[in-house]
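To find a chain, count down the sequence lines: A is the first, B the second, and so on, and within it residues start at 1.
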There are 2 protein chains.
Amino acid sequence: MAKRPAQPEFDRDCQDILTQCACEALRRTSRTVTSRYQENLRAVGITAAQLPILVAAHLMGPVPLSPLATQLGMDRTTLTRNLAGLQEADLVSVDPDVDRRVRLISITPTGRRALRRATGAWREAQSHVESAFGRERMRALIGELEALASVAAR
Amino acid sequence: MAKRPAQPEFDRDCQDILTQCACEALRRTSRTVTSRYQENLRAVGITAAQLPILVAAHLMGPVPLSPLATQLGMDRTTLTRNLAGLQEADLVSVDPDVDRRVRLISITPTGRRALRRATGAWREAQSHVESAFGRERMRALIGELEALASVAAR
DNA sequence: CCGCTTTACGTGTATATACACGCATCATGG
DNA sequence: CCATGATGCGTGTATATACACGTAAAGCGG
């Protein structure tokens, strides 16, 4: 029986999805790198997703949920869910605002102590990666990631 | 009362975690870019995480689960869970091997048809990003991501 | 052939992510 | 004031991710 006509376009797309797709490359690298950092954070008892939330809560003081989510580039509802765990562990507090629609996020004293230990663990992981990959090279890469995010943002 | 002694190291780390951390930059960009691609794939009925699995199953023929997970740079158990949905939708099949420990993954005819429609939707998203970000620039970025993943891999 | 190790995999559990939908509160024009 | 639209959030649901642990099968030395 005769073979189907070749569809070089389709085959090329399939290859490209594994080797040239920005989404897939990001997701894959994200998985791998997250594991590395998370390994260090495990001893501190916080996750790779919680660390930036804790930091932002520390730096932005009492801040409404939505601006915090925007700052972190994550969905508002994702932040709501992630905050539940941090609140449970008494690392952040969620308080009412004068505007009663708003919930103000802030870091707690316990959270600040955890953050101090976390930054140490984080710097270890960061240093390892910087050493192996190159400090300036990583700065450049992160700059490109920000640029790509800007392009992809709506 | 006297202010606590400044801890410039801690404050710098906090800033760095938001602006210089490879993990956070990757996770954030990954979220944003995934949304963009997923938006296009929605019409096809598959997710951004499912697409590379479908492609790899297509290209690697009947392949054991673990090598497939390695190829995709994801945890073996994550792939198991993700395959459940694809199997449910009859896009991939999971069959026994002569070695009865092994489960062989392959794409189904239905999966191949879905993949054809998906590649079209994917190329649209990919083209948009390439246009806005620069084709060669994106190639370079993806190369750097692969290099970083190699560094972070154990 | 048998016991031990190694390999390939699934499951329980926990967290992460985000869309669709709905609710309460605020602001504003009349 | 008050109706109406805009704003800020939570919840239901579905998927994604991976660690810890357990199980079955294969390999292997004796």
Among C:dC9, C:dA16, D:dA25, which is the nearest nucleotide to the side chain of A:A49? C:dA16
Once you round it to whole Å, what is the distance between [atom2] of [N] and [atom1] of [X]?
| X | N | atom1 | atom2 | value |
| --- | --- | --- | --- | --- |
| B:L65 | D:dT17 | CG | P | 14 Å |
| B:R100 | C:dA8 | CZ | C1' | 14 Å |
| A:L104 | D:dG8 | CG | P | 12 Å |
| A:D97 | D:dG8 | CG | P | 11 Å |
| B:Q50 | D:dT17 | CD | P | 10 Å |
| A:R103 | D:dT7 | CZ | C1' | 16 Å |
| B:I53 | D:dT15 | CD1 | C1' | 11 Å |
| A:D95 | D:dC9 | CG | C1' | 15 Å |

Taking only side-chain nitrogens and oxygens of [X], does any of them come within less than 4.0 Å of OP1 or OP2 of [N]?
| X | N | answer |
| --- | --- | --- |
| A:S66 | D:dC9 | yes |
| A:R101 | C:dA27 | no |
| A:R31 | D:dT17 | yes |

Is the number of heavy atoms from other residues, nucleotides or ligands under 6.0 Å of [X] [atom1] greater than 12?
| X | atom1 | answer |
| --- | --- | --- |
| A:E9 | CD | no |
| A:R135 | CZ | no |
| A:R112 | CZ | yes |

Are any side-chain N or O atoms of B:T119 and backbone N or O atoms of A:D13, one a donor and one an acceptor, separated by less than 3.5 Å? no
Within residues 75-92 of chain A, which residues have any heavy atom lying less than 4.0 Å from an atom of DNA chain C? A:D75, A:T77, A:T78, A:R81, A:N82
With a 4.0 Å heavy-atom cut-off, tell me which residues in residues 32-43 of chain B come close to DNA chain C, sorted by residue number. B:S35, B:R42
Walking DNA chain D from its 5' end, the first of A:V63 and A:R27 to be reached, judged by nearest nucleotide, is A:V63
With a 6.0 Å cut-off on ring centres, are A:F10 and B:H58 close enough?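 That pair passes the under 6.0 Å test.
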Are the side chains of A:V129 and B:L148 in contact, using a 4.5 Å heavy-atom criterion? yes
Can you work out whether A:G73 or A:V98 has the more 5'-proximal nearest nucleotide on DNA chain C?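 Between the two, 5'-proximity favours A:G73.
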Considering non-hydrogen atoms only, spot the tightest contact between A:S106 and A:A57 and give its length. C-CB, 4.3 Å
Inspect the contact between B:R137 and A:E144 and indicate whether a charged nitrogen and a carboxylate oxygen are less than 4.0 angstrom apart. yes
Decide, yes or no, whether a salt bridge links A:D16 with B:R123 under the criterion of side-chain N to carboxylate O below 4.0 Å. yes
Determine the contact category for A:V94: base if any of its heavy atoms lies under 4.0 Å from a base atom, sugar-phosphate if only primed atoms, P, OP1 or OP2 are that close, otherwise nothing.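 A:V94: no heavy atom of the nucleic acid under 4.0 Å.
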Check whether the side chains of B:E24 and A:Y37 place a donor and an acceptor atom closer than 3.5 Å, and report yes or no.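 Judged by distance alone, the side chains do not pair up.
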